[in-house]
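Throughout, a chain's letter reflects where its sequence line sits, starting with A, and its residues are numbered from 1. Everything numeric here is computed off the predicted structure, so don't read it as measured data.
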Number of protein chains: 2
Amino acid sequence: MEPKAKILFADDEPDILDIIGFNLEKEGYEVITANNGQQAFDLSKIHRPDLIILDIMMPYKTGIEVCNLLRQLPDFRDTPIVILTALNDETSHIKGLDSGADDYISKPISTKILISRINALLRRTQKDNEQKIIRIGDMVIDQNRFIVSLKDKEVSLAKKEFELLSLLAGKPGRVFLRNEILSMVWGTEVIVGDRTIDVHIRKIRQKLGIDCIKTIKGVGYKFEW
Amino acid sequence: MEPKAKILFADDEPDILDIIGFNLEKEGYEVITANNGQQAFDLSKIHRPDLIILDIMMPYKTGIEVCNLLRQLPDFRDTPIVILTALNDETSHIKGLDSGADDYISKPISTKILISRINALLRRTQKDNEQKIIRIGDMVIDQNRFIVSLKDKEVSLAKKEFELLSLLAGKPGRVFLRNEILSMVWGTEVIVGDRTIDVHIRKIRQKLGIDCIKTIKGVGYKFEW
DNA sequence: GGTTAACTTAACAATTTGGTAATCCCGGAT
DNA sequence: ATCCGGGATTACCAAATTGTTAAGTTAACC
């Protein structure tokens, strides 16, 4: 079975790591474990989990520190982060949430509740990316079937073209800076030349045959019907 | 000050309604209160709050029932819902979250923590809706779309012109010294001649067709509708 | 493996934008 | 009236940015 989502779980207590990790896997999640803060940070960058669970008291870096660091990176600005801890005082709780975490859960915690909360978080965050069908004017972009159609006439786009169009058409009118486009379509790892975007834009314009992508010189591109 | 967001808060205990409502307002939220489940549901439909807090044990309809009902409606499929309750058993907790709520908080709860959790939820859901729009008289400067419009007629400005106008119109009436303009629009690195500003101002005036940028001789420029 | 499509890059053309300088204007001061 | 210190205007050129095309590189699929 396809895993529902990839979860990184960081705790320095092996017992907890085992028990909760096991239960998460039983729930259908793919689990990556880390024993300390530094490792949690490094493994996150490598594996790009869909959700991150951080214990606070860990060697090398606390969960809060890791959370702050991750939130600096564009790739992790929206990743749901759960702080899991034995500390239950008000100050820690607030500090945890203010560091950009989405949930703060005090141990001991029933595994069922933990999983339920994780489901709730993923339900919300995956819903956002789940806008599977975009409709604007005569255009329909179906992200499930990978099809773009104009007045019921199907247009076939390549993968990158499709992703680029989906990004722009996903928020019509809004201008996307070139580096936003790069990081969203190509990711931050890959480095591609500047002309690459133009060329893809050109192909899209050509294939669509209509002028719905506007250039804002010196800034970026935007979709406009 | 414009309220940060509209929150509907439903609880049948007047004391709690008062205390938490007061604190939410102090935090800058607009608060709508309901005394029972039915009212919570009806008022939600009328006011379209950005976030809904529901007590479970309420007359007419429990918080869970309201949550389920709201989630049926397309308008409330994405609205963050917090279940607030005195029940702290595992089953209720899970049932609450499974009904589509985003958070389940057990009373008693520190007001600060409650607000911190609400902030965290709104932070996530409102992130995309931040609009950088300047409106003055008939003019609208939309920094997301990179558009300036006058009486619904769109005016197209180049990047520097747009930045310059945004700067001036951002604080109408305030005089910007030539130095200030230089450092804010051009940065401190770049060195450009003094006439450059004039020329850009001229282009803006020309394109807008109206005289909303005043010259203060020997000082600088200011925007005035 | 060979073929095809997709992706990226490079090179050049086309366009737009930004900056400068020369000149013109408009008060206020001489 | 004339001069003078800004600023306004204009035209022009350089720089920056994007469009276009073609050719090289990968990756995917028989």
Requested in this report: Ignoring the backbone of A/Lys217, work out which of C/dT17, D/dT20, C/dT9 is nearest its side chain.
Outcome: C/dT17
Query - Atom-to-atom span, CZ of A/Arg195 to C1' of C/dC12 - whole angstrom - result: 11 Å
Query raised in the report: For the pair made of CD1 in A/Ile201 and P in D/dG19, what is the distance, rounded to whole Å?
Result: 8 Å
Query - Side chain B/Lys203, main chain B/Glu161, donor-acceptor under 3.5 Å - result: no
Report summary line: Separation of D/dT17 atom P from B/Lys160 atom NZ, nearest Å, is 9 Å
Query - A/Arg178 side chain near D/dT18 phosphate (N/O to OP1/OP2, under 4.0 Å) - result: yes
Requested in this report: Between D/dA8, C/dT15, C/dC26, spot the one nearest the side chain of B/Tyr221, thanks.
Outcome: D/dA8
Report summary line: Among C/dC7, D/dG6, C/dT20, the one nearest any side-chain atom of A/His200 is C/dC7
Query raised in the report: When the nearest nucleotide of DNA chain C is assigned to B/Val199 and to B/Lys207 on a heavy-atom basis, which residue is associated with the more 5' position?
Result: B/Lys207
Query raised in the report: Okay, side chain of B/Arg135, backbone of B/Ile141: is any donor-acceptor separation there less than 3.5 Å?
Result: no
Query - Any A/Arg205 side-chain nitrogen or oxygen under 4.0 Å from OP1 or OP2 of D/dG19 - result: yes
Query - Nucleotide of C/dT17, C/dT8, D/dA8 approaching A/Thr196 most closely (side-chain heavy atoms) - result: C/dT8
Requested in this report: Figure out the CG/C1' separation between B/Leu177 and D/dG6, and round it to whole Å.
Outcome: 16 Å
Query - A/Asp198 with A/Arg195: basic N within carboxylate O range, under 4.0 Å - result: yes
Query raised in the report: Is the phosphate of D/dT17, meaning OP1 or OP2, less than 4.0 Å from a side-chain N or O of A/Thr215?
Result: no
**Report entry** Between C1' of D/dA22 and NZ of A/Lys203, the distance in whole Å
**Finding:** 11 Å
Report task. Starting at atom CD of B/Gln206, determine the distance to atom P of D/dG7, rounded to an integer number of angstrom. Result -> 20 Å
Report task. Tell me yes or no: between the side chains of B/Tyr29 and B/Asn119, is some donor less than 3.5 Å from an acceptor? Result -> yes
Query - N/O donor-acceptor pair under 3.5 Å between B/Arg178 side chain and B/Gly218 backbone - result: no
Requested in this report: Check the distance between C/dT9's C1' and A/Ile191's CD1 and give it to me in whole angstrom.
Outcome: 15 Å
**Report entry** C/dG18 phosphate, OP1 or OP2, under 4.0 Å from B/Trp186 side-chain N/O
**Finding:** no
Query raised in the report: How long is the line joining CG of B/Asp194 and P of C/dA21, in whole Å?
Result: 12 Å
